[in-house]
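The structure under discussion appears below in the form of structure tokens.
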Amino acid sequence: QTGFQEQVRLYGLAAAGWAVRPGDRYRLKSPPAIRITTSTLGSADAQTLATTLAALLAPGSRTRST
């Protein structure tokens, strides 16, 4: 189930125009997650990403995008 949730988040962010990677390449024993590098985002883009991610993580959300 958690791997499915990881994929839903990845597809949801991609549908909203964000390029993110699955976290499997960066973990050893942790559960599924996504990896988002934010070092080059300006504050406006960071806020937009945060809003999009919050919508995807909201209970009952599927692949909503902003």
Side-chain angles (χ1 to χ4, degrees):
Q1 178 72 8
T2 55
F4 172 75
Q5 292 172 348
E6 177 186 34
Q7 290 301 315
V8 168
R9 294 339 182 233
L10 289 171
Y11 293 136
L13 287 167
W18 296 101
V20 296
R21 295 187 56 113
D24 60 346
R25 189 173 193 178
Y26 307 98
R27 66 177 175 262
L28 297 175
K29 295 183 180 180
S30 62
I34 59 174
R35 179 177 176 89
I36 303 173
T37 302
T38 60
S39 61
T40 60
L41 288 181
S43 59
D45 285 336
Q47 181 61 47
T48 302
L49 174 59
T51 300
T52 303
L53 189 55
L56 287 169
L57 295 174
S61 70
R62 295 237 178 216
T63 55
R64 283 190 285 176
S65 61
T66 58

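Only a predicted model underlies this, so the values are computations on that prediction, with no experimental measurement involved.
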Stepwise side-chain contact (heavy atoms from CB on, under 4.5 Å) test for L57 and R9: CA-CA 8 Å; L57 295 174; R9 294 339 182 233; 3.3 Å; yes
For T38, side chain to side chain contact (heavy atoms under 4.5 Å, CB included) partners two or more places apart: I36, L41, L49
4.5 Å side-chain heavy-atom contact, L10 and P22: yes
Non-hydrogen side-chain atoms of W18 and T48 separated by less than 4.5 Å: yes
By side chain to side chain contact (heavy atoms under 4.5 Å, CB included) - contacts of T37 (at least two apart): R35, S39
Which atom of T52 lies closest to which atom of A16, heavy atoms considered: CG2-CB, 3.7 Å
Stepwise side-chain contact (heavy atoms from CB on, under 4.5 Å) test for R21 and I34: CA-CA 6 Å; R21 295 187 56 113; I34 59 174; over 6 Å; no
